[in-house]
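Heads up, the thing below is written out as C-alpha coordinates.
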Amino acid sequence: DVKVTQSSRYLVKRTGEKVFLECVQDMDHENMFWYRQDPGLGLRLIYFSYDVKMKEKGDIPEGYSVSREKKERFSLILESASTNQTSMYLCASSSPTGYTFGSGTRLTVV
Amino acid sequence: QQQVKQSPQSLIVQKGGISIINCAYENTAFDYFPWYQQFPGKGPALLIAIRPDVSEKKEGRFTISFNKSAKQFSLHIMDSQPGDSATYFCAARVLSGTYKYIFGTGTRLKVLA
(Lines give C-alpha, C1' and ligand atoms only; values in the text may rest on other atoms or scores of the structure.)
Protein backbone atom coordinates (compact mmCIF):
# COMPACT_ATOMS: atom_id res chain seq x y z
CA ASP A 1 0.00 0.00 0.00
CA VAL A 2 1.34 3.41 -0.95
CA LYS A 3 2.26 5.71 1.86
CA VAL A 4 3.00 9.25 2.82
CA THR A 5 4.50 9.39 6.28
CA GLN A 6 4.72 12.48 8.43
CA SER A 7 7.23 12.10 11.20
CA SER A 8 5.20 13.63 14.02
CA ARG A 9 1.49 13.47 14.82
CA TYR A 10 1.61 16.16 17.50
CA LEU A 11 4.14 18.89 18.19
CA VAL A 12 4.24 21.68 20.74
CA LYS A 13 6.80 24.41 20.12
CA ARG A 14 7.60 27.77 21.64
CA THR A 15 7.26 31.09 19.84
CA GLY A 16 10.44 31.92 17.96
CA GLU A 17 11.64 28.34 17.63
CA LYS A 18 12.71 26.92 14.28
CA VAL A 19 10.45 23.98 13.48
CA PHE A 20 10.99 21.17 11.01
CA LEU A 21 8.13 19.03 9.72
CA GLU A 22 9.22 15.97 7.79
CA CYS A 23 7.38 14.05 5.10
CA VAL A 24 8.42 10.90 3.25
CA GLN A 25 6.66 9.15 0.37
CA ASP A 26 7.34 5.70 -1.04
CA MET A 27 5.60 6.09 -4.41
CA ASP A 28 8.42 7.67 -6.43
CA HIS A 29 6.18 10.69 -7.12
CA GLU A 30 7.78 13.82 -8.48
CA ASN A 31 5.28 16.27 -7.01
CA MET A 32 4.92 16.87 -3.29
CA PHE A 33 2.88 19.45 -1.41
CA TRP A 34 2.47 21.04 2.00
CA TYR A 35 -0.95 22.28 3.10
CA ARG A 36 -2.26 23.67 6.31
CA GLN A 37 -5.80 22.90 7.41
CA ASP A 38 -7.80 25.30 9.54
CA PRO A 39 -11.52 25.14 10.43
CA GLY A 40 -13.62 27.05 7.93
CA LEU A 41 -10.65 27.71 5.66
CA GLY A 42 -10.17 24.26 4.19
CA LEU A 43 -6.80 23.24 2.83
CA ARG A 44 -4.44 26.03 1.87
CA LEU A 45 -1.29 25.38 -0.12
CA ILE A 46 1.93 26.56 1.49
CA TYR A 47 4.61 25.24 -0.89
CA PHE A 48 5.04 22.53 -3.43
CA SER A 49 7.90 20.82 -5.20
CA TYR A 50 7.87 19.25 -8.64
CA ASP A 51 11.40 17.86 -8.54
CA VAL A 52 14.41 17.48 -6.30
CA LYS A 53 15.71 20.88 -5.24
CA MET A 54 12.81 22.58 -7.07
CA LYS A 55 10.12 24.43 -5.16
CA GLU A 56 7.32 26.89 -5.75
CA LYS A 57 5.34 29.08 -3.42
CA GLY A 58 1.74 28.28 -2.84
CA ASP A 59 -0.96 30.62 -1.60
CA ILE A 60 0.36 31.24 1.92
CA PRO A 61 4.18 30.86 1.93
CA GLU A 62 4.97 33.68 4.36
CA GLY A 63 6.83 32.44 7.41
CA TYR A 64 7.62 29.07 5.83
CA SER A 65 10.35 27.53 3.73
CA VAL A 66 10.87 24.04 2.32
CA SER A 67 13.64 21.66 1.44
CA ARG A 68 13.72 18.78 -0.99
CA GLU A 69 17.13 17.17 -1.16
CA LYS A 70 15.85 13.72 -2.11
CA LYS A 71 12.87 12.73 -4.21
CA GLU A 72 11.12 10.89 -1.40
CA ARG A 73 11.51 13.55 1.28
CA PHE A 74 9.93 17.00 1.52
CA SER A 75 10.46 19.12 4.61
CA LEU A 76 8.52 22.15 5.78
CA ILE A 77 10.41 24.67 7.90
CA LEU A 78 8.94 27.32 10.13
CA GLU A 79 11.79 29.79 10.41
CA SER A 80 10.52 31.43 13.60
CA ALA A 81 7.33 29.86 14.86
CA SER A 82 4.46 32.15 15.78
CA THR A 83 1.14 31.44 17.46
CA ASN A 84 -0.76 32.05 14.20
CA GLN A 85 1.03 29.04 12.77
CA THR A 86 -0.80 26.76 15.16
CA SER A 87 -2.57 24.43 12.74
CA MET A 88 -2.85 20.99 11.20
CA TYR A 89 -0.17 20.48 8.55
CA LEU A 90 -0.74 17.97 5.78
CA CYS A 91 1.82 16.64 3.35
CA ALA A 92 0.77 15.05 0.06
CA SER A 93 2.30 13.56 -3.01
CA SER A 94 0.44 13.43 -6.29
CA SER A 95 -0.19 11.15 -9.22
CA PRO A 96 -2.43 11.72 -12.25
CA THR A 97 -5.43 10.44 -10.28
CA GLY A 98 -5.01 12.53 -7.15
CA TYR A 99 -3.22 13.12 -3.91
CA THR A 100 -2.10 10.72 -1.26
CA PHE A 101 -2.02 12.55 2.04
CA GLY A 102 -0.13 11.83 5.20
CA SER A 103 -1.99 11.64 8.50
CA GLY A 104 -1.04 15.18 9.39
CA THR A 105 0.95 16.94 12.08
CA ARG A 106 -0.97 19.00 14.58
CA LEU A 107 1.36 21.81 15.59
CA THR A 108 0.70 24.01 18.57
CA VAL A 109 2.87 27.10 19.05
CA VAL A 110 2.78 28.51 22.58
CA GLN B 1 -8.53 33.95 -9.33
CA GLN B 2 -8.56 30.23 -8.78
CA GLN B 3 -11.25 29.33 -6.29
CA VAL B 4 -13.56 26.49 -5.45
CA LYS B 5 -16.59 27.38 -3.33
CA GLN B 6 -18.15 24.60 -1.28
CA SER B 7 -21.45 24.42 0.57
CA PRO B 8 -22.85 23.74 3.06
CA GLN B 9 -20.24 24.08 5.76
CA SER B 10 -21.99 21.43 7.85
CA LEU B 11 -24.73 18.92 7.19
CA ILE B 12 -26.80 16.61 9.39
CA VAL B 13 -28.64 13.74 7.73
CA GLN B 14 -30.69 10.88 9.07
CA LYS B 15 -29.49 7.35 8.45
CA GLY B 16 -30.74 6.18 5.08
CA GLY B 17 -31.12 9.71 3.74
CA ILE B 18 -29.34 11.43 0.88
CA SER B 19 -26.42 13.75 1.60
CA ILE B 20 -25.71 16.42 -1.00
CA ILE B 21 -22.64 18.65 -1.04
CA ASN B 22 -22.15 21.30 -3.70
CA CYS B 23 -19.12 22.98 -5.22
CA ALA B 24 -18.72 25.74 -7.78
CA TYR B 25 -15.70 27.12 -9.57
CA GLU B 26 -14.96 30.19 -11.64
CA ASN B 27 -11.69 29.46 -13.39
CA THR B 28 -12.01 27.22 -16.42
CA ALA B 29 -8.42 26.03 -16.26
CA PHE B 30 -9.34 22.93 -14.27
CA ASP B 31 -9.33 19.47 -15.82
CA TYR B 32 -10.16 17.01 -13.05
CA PHE B 33 -12.50 17.15 -10.05
CA PRO B 34 -11.96 14.77 -7.12
CA TRP B 35 -13.69 14.50 -3.78
CA TYR B 36 -11.82 13.65 -0.61
CA GLN B 37 -13.12 12.16 2.62
CA GLN B 38 -11.42 12.89 5.92
CA PHE B 39 -12.03 11.12 9.22
CA PRO B 40 -10.87 12.69 12.49
CA GLY B 41 -7.15 12.24 13.07
CA LYS B 42 -6.52 11.16 9.48
CA GLY B 43 -5.44 12.85 6.31
CA PRO B 44 -7.99 13.25 3.49
CA ALA B 45 -8.38 10.23 1.23
CA LEU B 46 -9.51 10.20 -2.38
CA LEU B 47 -13.14 9.11 -2.56
CA ILE B 48 -14.29 9.58 -6.15
CA ALA B 49 -13.35 11.81 -9.08
CA ILE B 50 -14.72 12.98 -12.41
CA ARG B 51 -13.43 14.52 -15.63
CA PRO B 52 -15.28 17.47 -17.16
CA ASP B 53 -16.30 15.55 -20.28
CA VAL B 54 -18.55 13.33 -18.14
CA SER B 55 -21.80 14.50 -16.50
CA GLU B 56 -22.07 11.82 -13.83
CA LYS B 57 -19.95 9.18 -12.17
CA LYS B 58 -21.19 6.62 -9.68
CA GLU B 59 -19.24 4.38 -7.35
CA GLY B 60 -21.41 2.42 -4.97
CA ARG B 61 -23.44 4.85 -2.87
CA PHE B 62 -21.37 7.85 -4.00
CA THR B 63 -22.22 9.84 -7.12
CA ILE B 64 -20.65 12.96 -8.61
CA SER B 65 -22.84 15.13 -10.81
CA PHE B 66 -21.00 17.60 -13.04
CA ASN B 67 -22.50 20.60 -14.84
CA LYS B 68 -19.81 22.08 -17.05
CA SER B 69 -21.85 25.03 -18.34
CA ALA B 70 -22.79 26.09 -14.80
CA LYS B 71 -19.28 25.32 -13.47
CA GLN B 72 -20.78 23.29 -10.65
CA PHE B 73 -20.33 19.79 -9.35
CA SER B 74 -21.84 17.95 -6.44
CA LEU B 75 -21.41 14.83 -4.35
CA HIS B 76 -24.45 12.71 -3.54
CA ILE B 77 -24.26 10.05 -0.86
CA MET B 78 -27.20 7.70 -1.14
CA ASP B 79 -28.47 5.67 1.83
CA SER B 80 -26.18 7.66 4.15
CA GLN B 81 -24.72 5.69 7.04
CA PRO B 82 -23.23 6.76 10.39
CA GLY B 83 -19.87 5.52 9.09
CA ASP B 84 -20.06 8.21 6.40
CA SER B 85 -19.76 10.88 9.09
CA ALA B 86 -16.62 12.76 8.07
CA THR B 87 -15.42 15.97 6.48
CA TYR B 88 -15.68 16.09 2.69
CA PHE B 89 -13.59 18.29 0.42
CA CYS B 90 -14.14 18.96 -3.23
CA ALA B 91 -11.12 19.84 -5.32
CA ALA B 92 -10.17 20.92 -8.81
CA ARG B 93 -6.91 20.16 -10.58
CA VAL B 94 -5.10 23.07 -12.16
CA LEU B 95 -3.98 22.66 -15.76
CA SER B 96 -0.28 23.04 -15.10
CA GLY B 97 1.35 19.65 -15.35
CA THR B 98 2.29 19.66 -11.67
CA TYR B 99 -0.94 18.04 -10.42
CA LYS B 100 -1.71 21.01 -8.21
CA TYR B 101 -5.21 21.08 -6.71
CA ILE B 102 -7.42 23.81 -5.32
CA PHE B 103 -9.65 22.68 -2.47
CA GLY B 104 -13.03 23.75 -1.22
CA THR B 105 -13.41 24.74 2.42
CA GLY B 106 -14.91 21.41 3.46
CA THR B 107 -18.27 20.08 4.65
CA ARG B 108 -18.63 18.35 7.97
CA LEU B 109 -21.22 15.61 7.55
CA LYS B 110 -22.92 13.93 10.49
CA VAL B 111 -25.23 11.01 9.83
CA LEU B 112 -27.55 10.25 12.73
CA ALA B 113 -28.21 6.63 13.61
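Residue numbers start from 1 in every chain, and the chains themselves are labelled A, B, ... in the order their sequence lines are given, proteins ahead of strands. On a predicted model such as this, the values are computed, not experimentally measured, just so you know.
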Exam field: side chain Tyr32(B) to backbone Thr97(A), donor-acceptor pair closer than 3.5 Å:
yes
Hey, quick one: are Ile20(B) and Met78(B) part of the same hydrophobic cluster, counting side-chain heavy atoms closer than 4.5 Å, chains of contacts allowed?
yes
Atom CZ in Phe103(B), atom CG in Leu41(A): separation rounded to 0.5 Å?
14.5 Å
Reported CZ-to-NZ distance for the pair Phe33(A) and Lys100(B), which is rounded to 0.5 angstrom:
8.5 Å
Among Pro44(B), Ala49(B), Gly41(B), Gly43(B), residue most engaged with chain A (heavy-atom pairs, under 4.5 Å):
Pro44(B)
Common cluster, Val109(A)/Ile77(A), ILVMFWY with side-chain heavy-atom separation under 4.5 Å:
no
Common cluster, Ile102(B)/Tyr47(A), ILVMFWY with side-chain heavy-atom separation under 4.5 Å
no
Rounded to the nearest 0.5 Å, how far apart are OG of Ser94(A) and CG of Leu46(B)?
12.0 Å
Arg108(B) atom CZ, over 12 foreign heavy atoms within 6.0 Å:
no
Is it the case that one hydrophobic cluster holds both Val24(A) and Val4(A), taking links as side-chain heavy atoms less than 4.5 Å apart, direct or via other members?
no
Under 4.5 Å from any heavy atom of chain A - which part of Pro34(B)
neither
Measure Arg9(A) against the heavy atoms of chain B and call it side chain, backbone, both or neither at under 4.5 Å.
side chain
Are Tyr35(A) and Leu76(A) grouped together when hydrophobic residues (ILVMFWY) are joined by side-chain heavy atoms under 4.5 angstrom apart?
no
Should the pair Tyr36(B) and Phe101(A) be assigned to parallel (<30°), tilted (30 to 60°) or perpendicular (>60°) ring geometry?
perpendicular
Pick one of side chain, backbone, both or neither for Tyr101(B), based on which atoms fall under 4.5 Å of a heavy atom in chain A.
both
Give a yes or no on this: more than 12 heavy atoms of other residues, nucleotides or ligands lie within 6.0 Å of atom CD of Glu79(A).
yes
Write out all pairs satisfying salt bridge (Lys or Arg N to Asp or Glu O under 4.0 Å) with one or both partners inside residues 77-98 of chain B, taking only residues at least two apart or from two chains.
Asp31(B)-Arg93(B), Arg61(B)-Asp84(B)
Side-chain heavy-atom pair Leu43(A), Phe89(B) within 4.5 angstrom cut-off
yes
Choice from Asp59(A), Leu90(A), Asn31(A) maximising heavy atom contacts with chain B below 4.5 Å
Asn31(A)
Pairwise distance CD(Gln38(B)) to CD(Gln37(A)) - rounded to 0.5 angstrom:
4.0 Å
Please flag which part of Pro96(A) lies under 4.5 Å from any non-hydrogen atom of chain B: side chain, backbone, both or neither.
both
Counting only heavy atoms closer than 4.5 Å, note whether Tyr99(A) contacts chain B via side chain, backbone, both or neither.
both
Heavy-atom contact with chain A under 4.5 Å, split by part of Gln6(B):
neither
